[in-house]
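Inspection log for the structure reproduced underneath, given as structure tokens.
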Amino acid sequence: MANRLKLILPELVSVTQATFIQGRLISDNILVAHKLVHALNSMNKCSEEHLAIKTDISKAFDRFEWSFLRDSLTVLGFSNSWINLIMSCVESVQYQVLIKGIPYGDIKPTRGIRQGDPLSPYLFILCSEMLVRMLQQAEGEGKITGLKIPMDRRETIKSLTGITEEGGDGFYLGLPEAFGGSKIASLNYLKERFSQKISGWQHHFLSLGGKEVLLKAVAMALPTHAMTCFKVPKAICQQMISIMADFWWANKKDSRGMHWKSWEQLSKPKQEGGLGFKDIEAFKIALLGKQLWRMLTKPNTLMARVFKSRFSVRDLMVVSRKGWKRDILDLLFSEEDMSLMEDLRPSGKNRSDGYAWDYARTGNYSVKSGYWVLTQVIQARKGLQEVNQLSLNPLIHQEESINHLLFQCSYARQVWAISPISAPQGGEWVDLLYTNMYYVLNIKSQHPQLEGLDIIVPWLLWRIWKARNDYIYGGKDFDTSETLTKALEDVEEWRTRKEHEEHKE
């Protein structure tokens, strides 16, 4: 019944309710409330003439009258047979009291819905919808309106309503209602809870595998709710990274341990030599991207309507809606952002734009695909730079073999690439030393045009080997072009000595 009921809730329940409704997120209400409190805290006309009252329903599940629930279902248009099925589930409850371990009594309540019942959240929402509809009806009939409250009347209202606190300094749905001052100070509780959680784990009894599971499955879930709604300051992200790194490398309860690798390296995918930990900076942007995607693809949600009413893209477009107002863009955006915006061609007044995410098969944005783009595509573009010289360090390999040293390491591959000797078909050296040696020593049989140049092969092999030894034992790092030059000089010296000996004979 719960699965059947949740399918029709979006059609029955107003947009102001987001919890437990398919296609809606509780974060929508958080963002709307945050924007409202921010406006009231701002030094403008809104803060002087308006106020908002935050209410809470105490013991909501326990105080629902069953008669009211039946009437609510009737008003919403449910059939009598469906109502009877629902009420039979609700009214069948009975209680007994344990006294010294012995059950007594047979209590049959007349109100309340059970905690843990899959139907209960949906029934609560339907009953709450009655209050929403009553407010909407009263507003439509002019019985209630928005009022401008003079400053001298606020104390009277606080006295009548029993409200003792003001200012939006509390929490709403687990997050701060507003950022009154420093955003770092407002969200510092994230770091404190993060540290408290991790310090409570007995990490000196855990294997590295156990630590990995805890960090990925538990620790990274703690700030996710806040990161979904707000851009958490970089300082807090760095503090959380430091806490995780200390936990990972610690070998005793009160010891930080030696950090043998940076967290940036550990955050790389396992196929790139990392451990696959989340990059918190990229993860928070990917989560916020989900909110932006919902605003674009679901413009009728309450959050989208509130934010779009304040920040309209139409103000940036020309009258025909087929181009951008360059003078306004110059004032608001950087050259890089303007270039990206001008690549988007608006379709005009008579067409509606569609949206597709190129990095997912379905065309829909997901946090996973957004994180991948941030860590693999964008960061790779930022990291691109011209490499004129590869370090000899790649020659040192954990399982170094002669084949890897002479042909497959990045340094050796570049030496062969800039030499007259062309790489094998396909451009890759194989894993067998004999095959690679046979190829280079018999190069002229496969490439007749290289006859006369094949003499450089043994000298290239010698110079790659010598460069490796000079790096390990002498700390000397040679340029690949220098290695090739030395090999060519060796060839010339060998030819000169050979000709000199032939003249002697």
Side-chain angles (χ1 to χ4, degrees), residues 259-276 375-447 449-497:
H259 292 216
W260 295 104
K261 286 282 186 179
S262 67
W263 194 257
E264 182 182 357
Q265 294 294 323
L266 298 180
S267 298
K268 291 182 178 180
K270 290 188 176 181
Q271 59 268 27
E272 296 181 13
L275 290 174
T375 56
Q376 301 297 317
V377 179
I378 295 179
Q379 288 187 6
R381 289 175 182 171
K382 292 180 179 179
L384 287 177
Q385 51 183 308
E386 185 178 358
V387 179
N388 294 321
Q389 161 62 15
L390 293 177
S391 171
L392 280 164
N393 188 48
L395 288 172
I396 314 304
H397 195 261
Q398 291 181 351
E399 299 178 356
E400 186 184 49
S401 63
I402 298 177
N403 188 56
H404 173 268
L405 166 66
L406 297 177
F407 297 104
Q408 291 186 317
C409 76
S410 55
Y411 185 88
R413 287 202 308 268
Q414 185 168 347
V415 172
W416 288 108
I418 62 177
S419 73
I421 308 301
S422 57
Q425 188 174 4
E428 291 292 335
W429 300 94
V430 299
D431 295 332
L432 297 175
L433 175 63
Y434 176 81
T435 304
N436 291 330
M437 291 294 289
Y438 182 85
Y439 173 80
V440 294
L441 294 176
N442 296 275
I443 188 73
K444 64 180 180 181
S445 63
Q446 301 181 45
H447 301 279
Q449 70 275 14
L450 296 179
E451 187 172 0
L453 296 175
D454 58 321
I455 194 175
I456 195 177
V457 170
W459 302 108
L460 276 175
L461 295 170
W462 162 248
R463 281 297 171 181
I464 293 174
W465 169 254
K466 195 171 186 303
R468 178 259 189 194
N469 293 333
D470 287 341
Y471 178 80
I472 293 177
Y473 301 111
K476 299 178 181 178
D477 200 350
F478 291 102
D479 191 304
T480 51
S481 60
E482 186 177 358
T483 298
L484 175 61
T485 301
K486 288 182 177 295
L488 293 172
E489 291 175 353
D490 290 340
V491 171
E492 290 301 319
E493 183 179 355
W494 180 79
R495 281 178 175 171
T496 301
R497 291 189 177 185

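- Separation of atoms CZ (Arg463) and OG1 (Thr485) is listed at 10.5 Å; rounding is to 0.5 Å.
- Between Asp470 and Lys466 a salt bridge is recorded (basic side-chain N to carboxylate O distance below 4.0 Å).
- The residues Arg495 and Glu492 are annotated as salt-bridged, a charged nitrogen and a carboxylate oxygen being separated by less than 4.0 angstrom.
- Side-chain contact check for Trp263 versus Leu266: some heavy-atom pair is nearer than 4.5 Å.
- Between Pro269 and Gln376 there is a side-chain heavy-atom pair separated by less than 4.5 Å.
- With values rounded to the nearest 0.5 angstrom, Asn436 atom CG is found 10.0 Å from Leu461 atom CG.
- Taken to the nearest 0.5 Å, the CG atom of Leu405 stands 6.5 Å off from the CH2 atom of Trp465.
- Between atom CH2 of residue Trp429 and atom OG1 of residue Thr435 there is a gap of 11.5 Å, rounded to the nearest 0.5 Å.
- Val430 places none of its side-chain heavy atoms less than 4.5 Å from the side chain of Tyr439.
- Counting all heavy atoms, side chain and backbone alike, Ser419 lies closest to Leu460 at CB-CD1, 3.7 Å.
- For the atom pair CG of Leu484 and CD of Gln414, the computed distance is 10.5 Å after rounding to the nearest 0.5 Å.
- Side-chain contact check for Asn403 and Asp431: no donor-acceptor pair (N or O, by modelled atom type) lies under 3.5 Å.
- Here the side chains of Trp494 and Asp490 are not in contact, with every heavy-atom distance at 4.5 Å or above.
- Classified by interplanar angle (parallel below 30°, tilted 30° to 60°, perpendicular above 60°), the ring pair Phe407/Trp416 is parallel.
- Separating the CD1 atom in Ile402 from the CZ atom in Arg468 is a distance of 9.5 Å, to the nearest 0.5 Å.
- Pairing each heavy atom of Asp479 with each of Tyr411, the nearest pair is O-OH, 3.5 Å.
- Residue Glu264 qualifies as open at atom CD: its count of foreign heavy atoms under 6.0 Å is 12 or below.
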